[in-house]
Amino acid sequence: MPVSRPEHFFGGGLVSWQPTGLHLEARGERLVGHMLWRAQDERLVMTTFVHFKKALQSPLVWAIAAPVHRRGVPNLLRLAAKRGPHHGN
């Protein structure tokens, strides 16, 4: 999916978008990841699901990916807030 398309997110794509939530998906050689974002009361809740295609590698891969993921999420939120709710429309 080209980076210039509005549904492109960090190597993945937009699966669904509704006023109350967002579903992003990224697929790679070794894993499939889903990020679900939903508005809950006055908070934004994000849940990550990762499916490793080769289970034996999963602890090593996640040990490397988890810190990047945890730093990336706040950056993604800051970028979204800076762009505003209607960027790209």
Side-chain angles (χ1 to χ4, degrees):
M1 187 177 306
V3 175
S4 61
R5 300 209 32 199
E7 64 271 18
H8 181 271
F9 292 92
F10 298 101
L14 179 63
V15 175
S16 66
W17 174 38
Q18 300 171 1
T20 57
L22 178 71
H23 178 186
L24 305 176
E25 178 185 76
R27 293 182 171 270
E29 240 179 77
R30 298 191 170 140
L31 61 87
V32 177
H34 295 269
M35 292 175 68
L36 304 174
W37 304 72
R38 68 186 185 283
Q40 188 175 46
D41 301 320
E42 296 293 318
R43 303 179 324 177
L44 179 63
V45 178
M46 193 230 21
T47 307
T48 302
F49 298 93
V50 181
H51 170 75
F52 292 94
K53 295 178 181 177
K54 296 183 180 182
L56 292 176
Q57 296 176 350
S58 62
L60 175 61
V61 172
W62 188 244
I64 295 167
V68 174
H69 175 76
R70 289 185 186 112
R71 282 191 305 269
V73 169
N75 291 335
L76 183 61
L77 288 171
R78 279 191 285 279
L79 178 63
K82 184 176 180 180
R83 288 185 175 190
H86 301 291
H87 181 77
N89 291 342

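What's counted below: heavy atoms across the whole structure, side chains too, no hydrogens, waters or symmetry copies.
The hydrophobic clustering, which links ILVMFWY residues whose side-chain heavy atoms are closer than 4.5 Å, places Met46 and Leu24 together. By the criterion of side-chain heavy atoms lying less than 4.5 angstrom apart, applied directly or through intervening Ile, Leu, Val, Met, Phe, Trp or Tyr residues, Val15 is not grouped with Trp17; the two fall into different hydrophobic clusters.
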With side-chain contact (heavy atoms from CB on, under 4.5 Å) as the criterion, how do Leu22 and Leu14 come out once you've worked through the C-alpha distance, each side chain's angles and the decisive distance to 0.1 Å? CA-CA 8 Å; Leu22 178 71; Leu14 179 63; 3.1 Å; yes

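For His51, the ring pair (Phe, Tyr, Trp, His ring centres under 6.0 Å) criterion is met by no residue, not counting sequence neighbours. Gln40 is linked by a side chain to side chain donor-acceptor pair (under 3.5 Å) to Arg43, counting only residues two or more places apart in sequence or in another chain.
In this structure, CZ on Arg70 lies 14.5 Å from CG on Asn75, to the nearest 0.5 angstrom.
The minimum heavy-atom distance between Ile64 and Val68, with the atom names listed, is O-CG2, 3.9 Å.
Applying the ring-ring contact (aromatic ring centres under 6.0 Å, His included) test to every pair with at least one member in residues 19-50, sequence neighbours left out, gives these pairs: His23-His34.
Checked by atom type and distance alone, the side chain of Lys53 pairs as donor or acceptor with a backbone atom of Gly28 at under 3.5 Å.
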